Student: 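Sharing a structure with you now.
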Amino acid sequence: MDKVVGAAADAVSDVWDGASIAVGGFGLCGIPSVLIGALHAQGATGLRVVSNNCGVDRWGLGVLLHAGRIARATGSYVGENKEFARQYLSGELELELTPQGTLAERLRAGGCGIPAFYTPAGVGTQVAEGGLPWRYDSAGNVVVASPRKEVRVFDGVEYVLEEAITTDFALVRAARGDRHGNLVFDKSARNFNPLAAMAGRITVAEVEELVEPGGIDPDAIHLPGVFVQRVVALTPAQVAEKPIEKKTTNGAPAVRGTVRDR
């Protein structure tokens, strides 16, 4: 089955207002920036996003956030984004914070048809006991807080029950993919992209290199095509556009000469 869609705009054209969307990537690494841009142009609003983080100001999911299109976010890290903090603290945005490993397993469990699981992460904290602020009002009062979760003891150790996550859509980015939707991810981009893809009922993958079926060694496939419904092949210019979240140098003076000279 050929799952290639001609353009990113076509791939996200049916995302409706209020849809839930799992989005891959880690920081700005491996984020589906082209699909996010297409979704921004499409106009869907009131989105419920599940992602490790919400991008930075005006890049990644920060594009949708700045436009006021995200109503709720589930993630583990919300730093580096002043607009995110402003919307959350002013009551414009609902936020469910969850431990990073727990978030990863909730997505994986959703993709595997496992409704819930027990984990020791969060036991003895507000993650398990409830009371984490999910939404404030404009005056800074907590109007929605996280609920208490079930805690059970196994072999003398306490574990908290966490529910799996499934979403209406998933947007991911892969280094290579074939027309059947089999995907390969590069290094850190493999952290959340496969898991987000598994959790989506309709998963759209933008791929940097599109190959024909059989062009990827079966043993090298990180995510089988059964989890992917649509594939978008990126242009060389789209592949090359990869901003650096924080550019740092060691402060040493520039060294002249060729790479071989160094």
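All values reported here derive from a predicted model rather than from experimental measurement. Computed over heavy atoms, backbone and side chain alike; hydrogens, waters and symmetry mates excluded.
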Student: Distance-only, no hydrogens or angles: does the Asp10 side chain make a donor-acceptor pair with backbone N or O of Gly6 under 3.5 Å?
Tutor: no
Student: Go through the structure and list residues passing side-chain hydrogen bond (donor to acceptor under 3.5 Å, both in side chains) with Ser138, not counting sequence neighbours.
Tutor: none
Student: Hey, is the main chain of Gln100 close enough, under 3.5 Å, to the side chain of Asn52 for a donor-acceptor pair?
Tutor: no
Student: Is the closest side-chain heavy-atom distance between Val78 and Cys54 below 4.5 Å?
Tutor: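 A side-chain contact under 4.5 Å is absent here.
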Student: Roughly how far, to the nearest 0.5 Å, is CZ of Phe84 from CG of Leu89?
Tutor: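 It comes to 9.5 Å.
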Student: Report yes or no: does Ser146 contribute a side-chain atom to a donor-acceptor pair with the main-chain N or O of Gly131 at less than 3.5 Å?
Tutor: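 Checking the backbone N and O of Gly131 against the side chain of Ser146, a donor-acceptor pair under 3.5 Å is found.
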Student: With the side chain counted from C-beta on, respond yes when Leu223 and Met198 share a heavy-atom pair under 4.5 Å apart, and no when they do not.
Tutor: yes
Student: Say whether, by atom type as modelled, one donor and one acceptor occur between the side chain of Gln42 and the main chain of Val12 under 3.5 angstrom.
Tutor: yes
Student: For residues 168-178, which residue pairs pass the salt bridge (charged side-chain N to carboxylate O under 4.0 Å, His left out) check, not counting sequence neighbours?
Tutor: Arg48-Asp168, Asp168-Arg201, Arg173-Glu206, Arg173-Glu208, Arg176-Glu209
Student: Please evaluate residues Lys149 and Val127 with respect to the criterion side-chain contact (heavy atoms from CB on, under 4.5 Å), reporting the C-alpha separation (whole Å), side-chain torsions for both, the decisive distance (0.1 Å), and the verdict.
Tutor: CA-CA 8 Å; Lys149 298 174 181 176; Val127 170; 4.1 Å; yes
Student: Is there a side-chain contact between Ser51 and Phe192 (heavy atoms, below 4.5 Å)?
Tutor: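 They are not in contact (no side-chain heavy atoms under 4.5 Å apart), so the answer is no.
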Student: Of all heavy-atom pairs between Ala128 and Val123, which one has the smallest distance, and what is that distance?
Tutor: CB-CA, 4.2 Å
Student: With a 4.5 Å limit on heavy-atom distance, are the side chains of Leu65 and Leu93 in contact?
Tutor: yes
Student: Might you point out which heavy atoms bring Gly24 and Ala196 nearest each other, and give the distance in Å?
Tutor: N-CB, 3.9 Å
Student: Within a reach of under 6.0 Å around CZ of Arg230, are more than 12 heavy atoms found that belong to other residues, nucleotides or ligands?
Tutor: yes
Student: Looking only at heavy atoms, what is the nearest atom pair of Leu35 and Ala205, with distance?
Tutor: CD1-C, 4.3 Å
Student: Taking all non-hydrogen atoms of both residues, which atom of Ile165 and which atom of Thr74 are closest, and how far apart?
Tutor: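 Answer, listing the atom of Ile165 first, then Thr74: CD1-CG2, 4.4 Å.
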Student: Just verifying a value: how many Å separate His66 NE2 and Lys82 NZ, rounded to the nearest 0.5 Å?
Tutor: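 It is 12.0 Å, given to the nearest 0.5 Å.
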Student: If Ile, Leu, Val, Met, Phe, Trp and Tyr residues are connected whenever their side-chain heavy atoms lie under 4.5 Å apart, and connections chain through other members, are Val226 and Val172 in the same group?
Tutor: yes
Student: Determine all donor-acceptor pairs shorter than 3.5 Å in which one atom belongs to a side chain in residues 106-119; sequence neighbours excluded.
Tutor:
{"unit_1": "Arg106", "atom_1": "NE", "unit_2": "Glu163", "atom_2": "O", "d": "2.7"}
{"unit_1": "Arg106", "atom_1": "NH1", "unit_2": "Glu96", "atom_2": "OE2", "d": "3.1"}
{"unit_1": "Arg108", "atom_1": "NE", "unit_2": "Glu105", "atom_2": "OE1", "d": "3.0"}
{"unit_1": "Arg108", "atom_1": "NE", "unit_2": "Glu105", "atom_2": "OE2", "d": "3.3"}
{"unit_1": "Arg108", "atom_1": "NH2", "unit_2": "Glu105", "atom_2": "OE2", "d": "2.8"}
{"unit_1": "Tyr118", "atom_1": "OH", "unit_2": "Glu150", "atom_2": "OE2", "d": "2.7"}
{"unit_1": "Thr119", "atom_1": "OG1", "unit_2": "Ala121", "atom_2": "N", "d": "3.2"}

Student: Do Asn53 side-chain atoms and Gly27 backbone N/O form a donor-acceptor pair below 3.5 Å?
Tutor: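 Yes, because the side chain of Asn53 sits within donor-acceptor range (under 3.5 Å) of the backbone of Gly27.
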Student: Does the side chain of Ile21 reach to within under 4.5 Å of the side chain of Thr167, using non-hydrogen atoms?
Tutor: no
Student: What is the ring orientation for Phe154 with Tyr159, classed by angle as parallel under 30°, tilted 30 to 60°, or perpendicular over 60°?
Tutor: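 Phe154 and Tyr159: perpendicular rings.
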Student: Using 30° and 60° as the class boundaries, would you call the ring planes of Tyr136 and Tyr88 parallel, tilted or perpendicular?
Tutor: perpendicular
Student: Could you tell me which non-hydrogen atom of Val5 sits nearest to which non-hydrogen atom of Ala11, and how far apart they are?
Tutor: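 Looks like CG1-N, 3.8 Å.
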Student: Is there a side-chain contact (heavy atoms from CB on, under 4.5 Å) between Lys3 and Gln229 once you walk through the steps?
Tutor: CA-CA 6 Å; Lys3 300 178 180 179; Gln229 284 69 49; 5.5 Å; no
Student: Show the nearest heavy-atom pair for residues Ile216 and Asn182, with the distance to one decimal.
Tutor: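 Taking Ile216 first and Asn182 second, the nearest heavy atoms are CD1-O, 3.8 Å.
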Student: Can you tell me how far apart CG (Asp137) and CD (Glu92) are? Round to the nearest 0.5 Å.
Tutor: 12.0 Å
